[in-house]
There are 4 protein chains.
Amino acid sequence: MEPKPTPPAGRRELTKAQNRETILAAARQVFAQLGFAATTVRDVIRATPLASGTFYNYFKSKEEVYQALRDEVALAVRPRLRAARAGAETAEAFLAQNFRAFFQFVAESGSPAPERFRMDSPQVLAGFAELQADIEAAMARGVLPAADAGALTAALVGVAFELAERVKAGAEVEAMTAFATALFMGGMAALPKA
Amino acid sequence: MEPKPTPPAGRRELTKAQNRETILAAARQVFAQLGFAATTVRDVIRATPLASGTFYNYFKSKEEVYQALRDEVALAVRPRLRAARAGAETAEAFLAQNFRAFFQFVAESGSPAPERFRMDSPQVLAGFAELQADIEAAMARGVLPAADAGALTAALVGVAFELAERVKAGAEVEAMTAFATALFMGGMAALPKA
Amino acid sequence: MEPKPTPPAGRRELTKAQNRETILAAARQVFAQLGFAATTVRDVIRATPLASGTFYNYFKSKEEVYQALRDEVALAVRPRLRAARAGAETAEAFLAQNFRAFFQFVAESGSPAPERFRMDSPQVLAGFAELQADIEAAMARGVLPAADAGALTAALVGVAFELAERVKAGAEVEAMTAFATALFMGGMAALPKA
Amino acid sequence: MEPKPTPPAGRRELTKAQNRETILAAARQVFAQLGFAATTVRDVIRATPLASGTFYNYFKSKEEVYQALRDEVALAVRPRLRAARAGAETAEAFLAQNFRAFFQFVAESGSPAPERFRMDSPQVLAGFAELQADIEAAMARGVLPAADAGALTAALVGVAFELAERVKAGAEVEAMTAFATALFMGGMAALPKA
DNA sequence: TATGAATGAGGCTTCATTCAT
DNA sequence: AATGAATGAAGCCTCATTCAT
């Protein structure tokens, strides 16, 4: 309350809208490094040229930035995945296009892993539900064999996320796409020879 | 854990080892409920008949108990997984026994993964390396087809963790074991019919 | 205070003096409601169509508006009290006119004392000094009996402020004036019968 | 969270119960100087040899210390005033004993004025209600003349508090007692000659 | 001048850890 | 050893004030 003076100000280079991006970028980085729980708002601010108060002009709390990040990601991937699935007429195409789109996204998004995102944001959950619905539709059309759609979705997601780590670590998008697709098409026996 | 009032006169004081166990048990419970960051040492102590200072006679820090807990988990699973793989003479047995052991462990342990397992504890990383080594050995023996062993390990882990979630949510261990095994043996086409 | 939407085109921009008044009016309201410490500059500005920076074109600080407000009050009462005393030829008139003027002011002003008047503003202190001087003069003229003028001033002020609370709470100005005057004229025995 | 080391500790001279008193004493001082609103918990702590966290071992907030202080005062004065009134058989005795007890209390309590206490603590309000009840009883017994008891209480309180300021500033307890008693007994005419 | 985002001191509070007993 | 009060760094956030536009 009532701070006495206020020393000469400093930086004021960034535009308003840019600051939001600055904060999001810093948050992306820090969350990736420390995880959600260990990250403090201060950590985020420190990774920024901004003052602590500025954070609160854009986000009410750590939760809110995190939310924003997750939704940003989900918002960015979902249309791509949707588009990838759209034209798929065969199981192989369905799989390959999904995996490729996801791995490409990951490869583009920069290595500092957006942290194995917790799967509970509304946007993310919606994304999964969407995938599962598409899988069910594909099963109904006969494009995919009938099976436990929930488990299959989970398996796809699990493989996608784990292999994405390898992509981030430098693996080729096409190699991982081929690997994952082959696995789901024909099991281990069908995998590309090492 | 222990009753608050002083135990009946004839009873021996808690031994040191018992106190350590008391703290670990409380920590297991509290960390599972709140996650690492949200848990305070006071929360752990409160779940105990001990005083706050006593905590530090047994653990150097909050990190240390958490560490101990994670390693305890890894320590508990690894032998089971190792045993599961040991006798496997066929690929199918190798997979099924691994998955079954893991899902059973998860089903028994209640909530083994408070915040979706951090994969960075030394013990956990060692567990992965061990799995990958076993896979490579199996490939060499011809039990598993030759392929990118790292990617295969990743895929196995991804599927195992995602389906484990379904087990926690009530799915049958055998059903998930069959599902995962079939997936890796023959791909989607081989999955049990829905 | 002023409507948020831009005023009709034909209307002249608010003049500087009007802005000052706008701010003072808003401050009067907000300080009265929340007290000094609980009031934020933003609260004051929010009660205004102006922007936060504009505040500082008119006042150097939050203190300054508050000061201005207190002095405004003192400035408003003092002439009325002075006038009230001016013509008093008898002790009774002196007292009654002072009390009446003060109680009337309080009754009109709504909540003149947000947090029970801090007695330390220069204007307020000057007001007291002036009252005491007048009392001393009146004693010298024989209008008031010779006594400890400082203590008498204090007693008058104490009674005036406490009864003012009752006026704010709905008591009649005349009743309180009569009560206070009678008390100082003849003590408890002279008070109006209940 | 998780401060890394913790530099060598320091002071640890005071006993537990003493610390509460230490804080209350500091609070008494600081509130008197700055008033309730302007005082921060930090101000109180700084007026103490204790660490910031220690404050919260004793009080949950600024409000709580303030409460404690007010109640402490009210608790200390009320019995004395009650005792003062108890034996009063005449109006003059009733007044003189009340005023004397109050002024003595103020004189003893040390100069750093416990700030013109806001009259809204439960204890303080109860004290007023008690006084008013005694006044009403005295009126009923004929010890005090029948009049507006609420207004009379207010007037007594106003005079008591204002003259208490003079006592704090060095005036004699007996002189102020005589002044106030005379005022209420016979009005200005009855006041001791200057 | 008016605007409103940026700034950062400083308020409040928690909690890992120490240490006198 | 066990205890639990004390410690103080550090988290969170507000808000008076400045300054580029």
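Naming convention: chains lettered A, B, ... in sequence-line order (proteins, then strands); numbering from 1 in each chain.
Proximity of A:P49 to A:T22: side-chain heavy atoms (C-beta onward) are separated by under 4.5 Å at one or more points. Contact annotation: the side chain of A:E63 never approaches that of A:Q67 to less than 4.5 Å [non-hydrogen atoms, C-beta and beyond]. Residues B:F31 and B:K62 form a side-chain contact, since some pair of their non-hydrogen atoms from C-beta on lies under 4.5 Å apart. By the 4.5 Å heavy-atom criterion applied to side chains, A:E165 and A:F161 are not counted as neighbours.
Rounded to whole angstrom, the span from the CZ atom of D:R46 across to the P atom of E:dG10 amounts to 8 Å. Taking atom NZ of residue A:K62 and atom P of nucleotide F:dA10, one finds them 17 Å apart after rounding to whole Å. Taking atom CZ of residue D:R20 and atom P of nucleotide F:dA6, one finds them 13 Å apart after rounding to whole Å. Residue C:I45 contributes atom CD1, which lies 13 Å from atom C1' of F:dT18 at whole-angstrom precision. Rounded to whole Å, the distance from CZ on C:F55 to C1' on F:dC19 is 17 Å. Atom pair B:I23:CD1 and E:dT17:P shows a separation of 13 Å (rounding to whole Å applied). The interatomic distance linking A:E64 (CD) with F:dC13 (C1') rounds to 14 Å, in whole Å. Atom CG of D:D43 and atom C1' of E:dG11 are 10 Å apart (whole Å).
Residues satisfying the side chain to side chain contact (heavy atoms under 4.5 Å, CB included) criterion with A:I23, sequence neighbours excluded, are A:V44, A:L50, A:F55, A:Y58, A:F59, A:V65. Scored by the side chain to side chain contact (heavy atoms under 4.5 Å, CB included) test, A:E21 finds A:L24, A:R28, A:E72 as partners (sequence neighbours excluded).
For the pair C:S52 and D:S61, both in contact range of DNA chain E, the more 5′-proximal nearest nucleotide belongs to C:S52. For the pair D:G53 and B:Y58, nearest-nucleotide mapping onto DNA chain F gives the more 5' position to B:Y58.
In the set F:dA2, E:dG8, E:dA6, E:dG8 carries the atom at the smallest distance from any side-chain atom of A:A51. For A:Y56, the listed nucleotide lying nearest its side chain is F:dT14; candidates were E:dT3, F:dT14, F:dA10.
Residue contacts for C:T40: at a heavy-atom cut-off of 4.0 Å it reaches the sugar-phosphate backbone alone, with no base atom in range. Using a 4.0 Å heavy-atom cutoff across all strands shown, D:F59 reaches no nucleic acid atom at all.
Listed by first and then second residue, the salt bridge (Lys or Arg N to Asp or Glu O under 4.0 Å) pairs that reach into residues 46-61 of chain A are A:D43-A:R46, A:K60-A:E64, sequence neighbours excluded.
For B:R42, no side-chain nitrogen or oxygen approaches OP1 or OP2 of E:dC15 to under 4.0 Å. For the pair C:N57 and E:dA2, the criterion of a side-chain N or O lying under 4.0 Å from OP1 or OP2 is met. Residue C:N19 has no polar side-chain atom (N or O) positioned under 4.0 Å from OP1 or OP2 of E:dT1.
For the helix from E:dA2-F:dT21 to E:dT21-F:dA2, the end axes, each set by the C1' atoms of five terminal pairs, are bent relative to each other by 10° (nearest 10°).
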